[in-house]
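Positions are given from 1 along the sequence.
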Amino acid sequence: MKRKIIIPFAVLVLIAVDQLVKLYIVSDFKLGQVKSFIPHLVSLTYLQNTGAAFSMLENQQWLFTLVTFLVIGGAVYYLIKHLHASKWMLAGLTLVIAGGLGNFIDRIRQGFVIDMFQLDFINFAIFNVADMYLTFGVAILLLMILKEEKDGSKN
């Protein structure tokens, strides 16, 4: 019973954090402005991204909407069907759902996603909090699948 309450609450809190960080960037930065956050490591940069990672597939909002519905729908379905799965599996699914919804809110509301974190030590895409949720969520799910495969091969 606790998981039925905690998971939606966690999703809402994670989305709120993502949206608050984006609101801060929009209100305190000019488009394209860069400020050092952790010197030589991370800068904050206000970017409006109409595409996916590295601005691929720019202005393909219909595709992003379809993919978002499929991924979030699948994650919610799996979460409901496996509510008593391991806490790691549930955490991964929660992060994927929150990350997908965080960026989807931007796309629906504005037609683009607000990105802000720029890694200063490597040439990498500028990303946002929701992207981090998605990345860590998928990584956790992948590790859980690999663990299940390994455990299954022992049996």
To the nearest 0.5 angstrom, please state how far the [atom1] atom of [X] sits from the [atom2] atom of [Y].
{"X": "I25", "Y": "K35", "atom1": "CD1", "atom2": "NZ", "answer": "8.0 Å"}
{"X": "L47", "Y": "L31", "atom1": "CG", "atom2": "CG", "answer": "7.0 Å"}
{"X": "I15", "Y": "L20", "atom1": "CD1", "atom2": "CG", "answer": "12.0 Å"}

For the hydrophobic clusters of this structure (ILVMFWY residues joined by side-chain heavy atoms under 4.5 Å, transitively), does one cluster hold both [X] and [Y]?
{"X": "L66", "Y": "V71", "result": "no"}
{"X": "L101", "Y": "I108", "result": "no"}
{"X": "L23", "Y": "M132", "result": "no"}
{"X": "I7", "Y": "L12", "result": "no"}
{"X": "V26", "Y": "F104", "result": "no"}

Is it the case that the side chain of [X] and the backbone of [Y] share a donor-acceptor pair, with hydrogens and angles ignored and the cut-off at 3.5 Å?
{"X": "E148", "Y": "I145", "result": "no"}
{"X": "D106", "Y": "I114", "result": "yes"}
{"X": "N128", "Y": "M116", "result": "no"}

### Option from L95, L146, L93 for which side-chain contact (heavy atoms from CB on, under 4.5 Å) with L141 holds
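Exactly one candidate clears the test, L93.
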### side-chain hydrogen bond (donor to acceptor under 3.5 Å, both in side chains) involving D120 - partner list, sequence neighbours excluded
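Listed in chain order: S43.
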### Query
Excluding sequence neighbours, so at least two apart, what forms side-chain hydrogen bond (donor to acceptor under 3.5 Å, both in side chains) with Q48?
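Per chain and number, Q48 pairs via side-chain hydrogen bond (donor to acceptor under 3.5 Å, both in side chains) with Y46.
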Considering non-hydrogen atoms only, spot the tightest contact between [X] and [Y] and give its length.
{"X": "A75", "Y": "V96", "answer": "CB-CG1, 4.4 Å"}
{"X": "Q118", "Y": "I126", "answer": "OE1-CD1, 3.6 Å"}
{"X": "A85", "Y": "L90", "answer": "O-CD1, 3.9 Å"}
{"X": "G102", "Y": "K22", "answer": "O-NZ, 3.4 Å"}
{"X": "N103", "Y": "A130", "answer": "OD1-CB, 3.5 Å"}

Under a 4.5 Å cut-off applied to non-hydrogen side-chain atoms, are [X] and [Y] in contact?
{"X": "L119", "Y": "F127", "value": "yes"}
{"X": "T50", "Y": "F112", "value": "yes"}
{"X": "F117", "Y": "L44", "value": "yes"}

### Partner residues of V76 under the side-chain contact (heavy atoms from CB on, under 4.5 Å) criterion, sequence neighbours left out
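Testing V76 for side-chain contact (heavy atoms from CB on, under 4.5 Å), a comparison that skips the adjacent residues, returns I72, I80, I97.
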### Parallel, tilted or perpendicular, as decided by the 30° and 60° cut-offs, for the rings of Y78 and H82
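Because their plane-to-plane angle is under 30°, the rings of H82 and Y78 count as parallel.
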### Message
Take a 6.0 Å sphere around CZ of F29 and say whether it holds more than 12 heavy atoms from other residues, nucleotides or ligands.
### Response
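Above 12, so yes.
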